[in-house]
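Inspection log for the structure reproduced underneath, given as structure tokens.
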Number of protein chains: 2
Amino acid sequence: MCAKLASSKDPNRLPLHGLAVFESVARNGSMSSAAKALGLTQPAVSQALKKLEQQLEVNLVMRHRNGIELTKAGQELFMSCVQSFDQLLNTINAIRQPKSGQQEVTLSLSTATATYWLLPTIAEFYQQFPNILVNIISRDNDSNLKSGNYDLAIPLSAQPFSQQDFHIWPLLDEVVFPVCSPNLLEHHNLTTSNINIEGLQQLPLIHLENNPEARISWHAWVQASNQKPQLSLIEEEVPAHFMHGQTYSDYFVALSAAIAGQGVALGWQHIVKDLLQDQRLVRLGNQQWRSDHPFTLIAPRRKALTPAVMALRDWLLT
Amino acid sequence: MCAKLASSKDPNRLPLHGLAVFESVARNGSMSSAAKALGLTQPAVSQALKKLEQQLEVNLVMRHRNGIELTKAGQELFMSCVQSFDQLLNTINAIRQPKSGQQEVTLSLSTATATYWLLPTIAEFYQQFPNILVNIISRDNDSNLKSGNYDLAIPLSAQPFSQQDFHIWPLLDEVVFPVCSPNLLEHHNLTTSNINIEGLQQLPLIHLENNPEARISWHAWVQASNQKPQLSLIEEEVPAHFMHGQTYSDYFVALSAAIAGQGVALGWQHIVKDLLQDQRLVRLGNQQWRSDHPFTLIAPRRKALTPAVMALRDWLLT
DNA sequence: TCTTTATATAAGTTAAAGTTATATAAATAA
DNA sequence: TTATTTATATAACTTTAACTTATATAAAGA
């Protein structure tokens, strides 16, 4: 009954609920699957998304028969949501104090590795060790691995960590190949097999921001491919097409763009494995590049190797 | 009536509503003023905050007679909230298309300058130019000023921008002095006046992350102070105390820490002016340092100087 | 033509969030 | 001392945003 101030129409008030729903829709590629992921019904998601678009006065998704596609604005907003929510989740995990009696391990890895490689199987670990809590901290770069507060980490970069300061165990071979959404190929009337360097030049490419730590780049991939005789290109030059395209600073965001049909990304085998299986991505051609810098699991020597840490380490290494 | 899945107790579901309330409480320094800022009543805020603390199982604030104080966990969470919500707000502003008939200017400045210098007076501008919409984009560093999409900006760094690519107008002198919360002084039984370099060594210091762009650092401040004869220290050495303390990468977050009583920060006069007036901060000593790199307003020449842009420029420069 | 699989809309329900009223506790003023 | 002010907390009731069920629409495939 009381006169409301500028509370609900305040432009600086974030529509957080709507953003959370939108993030799930964008991540899952459809409203129905987002609803399942959120534990809601499909109409709830449809309504929340519609409301958000009305509040922002921007079209965020294009509705298709087989799901949704993000508009340009939707893509930008999705990137922001992923990064913002990730940061909040990380911080909450970091400040949450463990329940007494509960053992704890903190594992630091990239958002993409966490989402697509670890999370699908972590339930097994919890089943095997119900009294160990795994604290997952995701990050975009390795800058805080020198000082950060964690027990185990999977560094993104290939730069070696000193044996003096870290325990180091080899974890996974680095195997890379191009991937994209099945829809993208359809639009361009191409098929997955026999896509070589020339074929790739007909498709938009998705790049990772060119930081020195990055393992993966289209430039390096073309150069590596050229050393194989069966490819038709002259060795020395990388075509200009491989230098242009959308660039993201986070691999998870780049992969999300690929899933959304924005272009072709370079995929690490262990990360895209599940995405290939459920057809959210397809592999292009049969070329693959295996680097000589395997992914490693590291543990800072300044932290104790508690039984919980060792249990997770052994589970990861099997 | 339907059986609920793991919807509400999902640990990966962010309590966004609670976080928004908490952010406002932390920013405003008390629940009552947060309630006012949010357009809610005090019990609503009290309940929301209590619920959040129960959900996270962490104490975020200490309740005092004169407001609240953040715990260590609360500080960390506040930083994350500020950064995350800021990023979302920026993106939303960026993707929002202007209403037809409405003129628009995009202004890029630091979060602290936006919050404490611009926002308190921007209403005047809107009153004078009701048909111009000012799109405020806040940022922590100048890295995207070379390429970003904005009409006007106030660079953080003192590095000169090229006259070829930018219009440049001098805006504000850079005047710096130490500030802290009145409570901090009380706890240490000190008074505001006559705090010199020795006095500062009894108080915790708040630093800005040492990026090359930073204008402001305790190290530089001590060195500058030492050149003034009335200070008692021998010229050459900066005491070790000025090299240690909490370090933040964002000036807004550093200032928030100072307001929360965490320590002494270096304050730019134009930014802390209002905070001194309403006693959220007090100035220590009467030393001040005026640099010879005034803050400037810049406009990229690649963007047109529309009437709306010129109106905002002229209003800022008066 | 009949499923299947998307999203949209309408109408009723529920639970989270908010309000009012009151309590507690500390500091301040009379 | 006793009132006043200013802060947070709690109890009980109210509102409304969010959610559900039911149904519609539209396209693709069997």
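- Distance alone, capped at 3.5 Å, places no donor-acceptor pair between the A/Ser46 side chain and the A/Gln42 backbone.
- Considering only residues two or more places apart in sequence or on other chains, A/Phe22 meets the ring-ring contact (aromatic ring centres under 6.0 Å, His included) condition with none of them.
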Donor-acceptor contacts under 3.5 Å from residues 115-122 of chain B side chains, at least two apart:
residue  : atom : partner  : partner atom : Å
B/Thr115 : OG1  : B/Thr111 : O            : 2.7
B/Thr121 : OG1  : B/Leu118 : O            : 3.2

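- Comparing D/dA9, C/dT19, C/dT7 by their closest approach to the side chain of B/Leu40 singles out C/dT19.
- Residues passing the salt bridge (Lys or Arg N to Asp or Glu O under 4.0 Å) test with A/Glu76, sequence neighbours excluded: none.
- The side-chain contact (heavy atoms from CB on, under 4.5 Å) check on A/Asn135 picks up A/Asn93, A/Glu104, A/Thr106, with sequence neighbours excluded.
- Between the CD atom of B/Gln54 and the C1' atom of D/dA9 there is a distance of 12 Å, rounded to whole Å.
- For residues 267-277 of chain A, no pair satisfies salt bridge (Lys or Arg N to Asp or Glu O under 4.0 Å), with sequence neighbours left out.
- Listed pair B/His17 / D/dA18 fails the phosphate criterion, with no side-chain N or O lying under 4.0 Å from OP1 or OP2.
- Using a 4.0 Å cut-off, no side-chain N or O of A/Arg63 falls inside it from OP1 or OP2 of C/dA6.
- If you take CG of B/Leu16 and P of D/dA18, they are 12 Å apart, rounded to a whole angstrom.
- Within residues 42-52 of chain A, the residues that place at least one heavy atom under 4.0 Å from DNA chain D are, in residue-number order, A/Pro43, A/Ala44, A/Gln47, A/Lys51.
- OP1 and OP2 of D/dA7 both lie 4.0 Å or more from every side-chain N or O belonging to B/Ser32.
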